[in-house]
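As structure tokens, the structure follows; a few thoughts come after it.
Not measured: the values here are computed from a predicted model.
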Amino acid sequence: MAETRDAETMLLSAEQAEAFAAGLFAAHGVPAGDARLAASCLVRADLRGVDTHGIVRMPGYLERISRGLVNPAPSLEFDAIGPSMLRLDGQNGLGFVIASRAIAEGILVAEQQGLAMIGVRNSTHFGMAAAYLLQAIEAGYLALVFTNASPALPPWGGTEEVFGTSPFAVAAPNPGGIPFVLDMAPTIVARGKIRKAAREGKAIPPGWALDADGAPTTDPDAALQGGTLLPIGGPKGAGLSIWLDIMCGVLTGANFAGGVGDQYKNFDRPQGVGHLITVIRPDICLGSRDLFGARMQELVETVKNNRKADGVSEIFMPGEIEARTEAARRKTGIPYRVADLALLAGIARLHDVAVPDGL
């Protein structure tokens, strides 16, 4: 049963949110198992507080399915091109399903070979990269999950969007302790946060973006309509974005150098997203999973016990705050804006999909 927190926010359990999202995907031709898989990736983002990549983005995915730009039921077959290297044509399917399947296949190969690398072409936006990192570390493996994205920032010194907010996402398990989960864009902020500010009619902080004339802006619409995002660390972030485009686009055969379609702007063609996913068995070098776990625990303890700077009450491992948010929200529910849920409920009713109570 949904619980209303206030006039603008509603709480849904993870199970309610997943069932709702899966029903919407299934109503658009996505097979039931894939619909649940895609829904779980979106809701995992909401659970971890990454609501810019949660079910609020579903109208865009559903529209692209309806327009024939996303294949709801691809036939995914891995092509082994070496003992540890595979490639996959995503057939323009949902990126959630493609990336989840790639991680699962990577785990099987890494268990035998120690390491697996999967190059993916013809995919689509796959949401929160950490969803696939978590899939790997919860099975006891390290992972690197890279994707390219539609143009959002120029090369350093340029003014035209070419490279994307492609996440650099890596993770390592820590049995019985705090794992390492780093999922970051090469830009100061993910573009989803600017879209969220635009939906809510709020300004964005200075330093996040430029407008179409190359001037700093706090207007999210100006940033989204011809503007560009700014990279972390200046040329360092810009260089990282180029590297991710090389790995996910040039190397895999996917679109690159500005060729990845924007799911919100380009409706004349599929996106052509590329992913490069690597899965590593933790004992590949040490010969012992237990030894890896002990060394990871020592590292985490070193980080957590470091002398704290003034005003700092606790030092966190990357991903630890999100993990705490997830644990809390699994107990109390996920807060959603009623306006966002109402939009999804409207789509659901058009397709005879059950909506959560209270909408």
Just so I know, are the side chains of Gln91 and Asn122 near enough to count as touching, which here means a heavy-atom distance under 4.5 Å? no
Run the numbers on Asn92 and Leu69 for side chain to side chain contact (heavy atoms under 4.5 Å, CB included), then give the verdict. CA-CA 7 Å; Asn92 301 315; Leu69 299 172; over 6 Å; no
Report, as yes or no, whether the 6.0 Å neighbourhood of atom CD on Glu298 holds more than 12 heavy atoms from other residues, nucleotides or ligands. no
Would one find more than 12 heavy atoms of other residues, nucleotides or ligands at under 6.0 Å from atom NZ of Lys331? no
Would you sort out whether Tyr61 and His28 count as a side-chain hydrogen bond (donor to acceptor under 3.5 Å, both in side chains), showing the intermediate values? CA-CA 10 Å; Tyr61 301 122; His28 285 74; over 6 Å; no
Is the closest side-chain donor-acceptor distance between Tyr264 and Arg57 under 3.5 Å? yes
Could you check whether any side-chain heavy atom of Phe292 comes within less than 4.5 Å of a side-chain heavy atom of Pro173, counting everything from C-beta outward? yes
How far apart are the C-alpha atoms of Ile347 and Met58, what are their side-chain angles, what is the distance that settles it, and do they pass the side chain to side chain contact (heavy atoms under 4.5 Å, CB included) test? CA-CA 10 Å; Ile347 298 171; Met58 282 200 69; over 6 Å; no
What are the two closest non-hydrogen atoms of Ile194 and Ala223, and how far apart are they? CG2-CB, 4.2 Å
Can you establish whether the number of heavy atoms outside Arg36 located under 6.0 Å from its atom CZ is more than 12? no
Apply salt bridge (Lys or Arg N to Asp or Glu O under 4.0 Å) to residues Lys196 and Asp340 and explain how you reach the verdict. CA-CA 11 Å; Lys196 180 182 179 182; Asp340 293 332; over 6 Å; no
Are Cys248 and Ser166 close enough, and set up right, to give a side chain to side chain contact (heavy atoms under 4.5 Å, CB included), and what steps lead you there? CA-CA 9 Å; Cys248 301; Ser166 310; over 6 Å; no
Is it the case that atom NZ in Lys265 sees more than 12 heavy atoms from other parts of the structure closer than 6.0 Å? yes
Where do Asp89 and Arg121 land on the side chain to side chain contact (heavy atoms under 4.5 Å, CB included) test, with the steps shown first? CA-CA 5 Å; Asp89 185 337; Arg121 65 186 185 277; 4.1 Å; yes
Check whether more than 12 heavy atoms from other residues, nucleotides or ligands sit under 6.0 Å from atom CD of Glu160, and answer yes or no. no
Residues Phe20 and Ala354: closest non-hydrogen pair is CD1-O, 3.5 Å
If you count every heavy atom of other residues, nucleotides or ligands that lies below 6.0 Å from Arg324 atom CZ, does the total exceed 12? yes
Applying the side-chain hydrogen bond (donor to acceptor under 3.5 Å, both in side chains) test to Arg48, which of Glu326, Glu322, His53 qualifies? Glu326
Axial cation check for Tyr141 ring with Arg289, 6.0 Å and 45° limits: yes
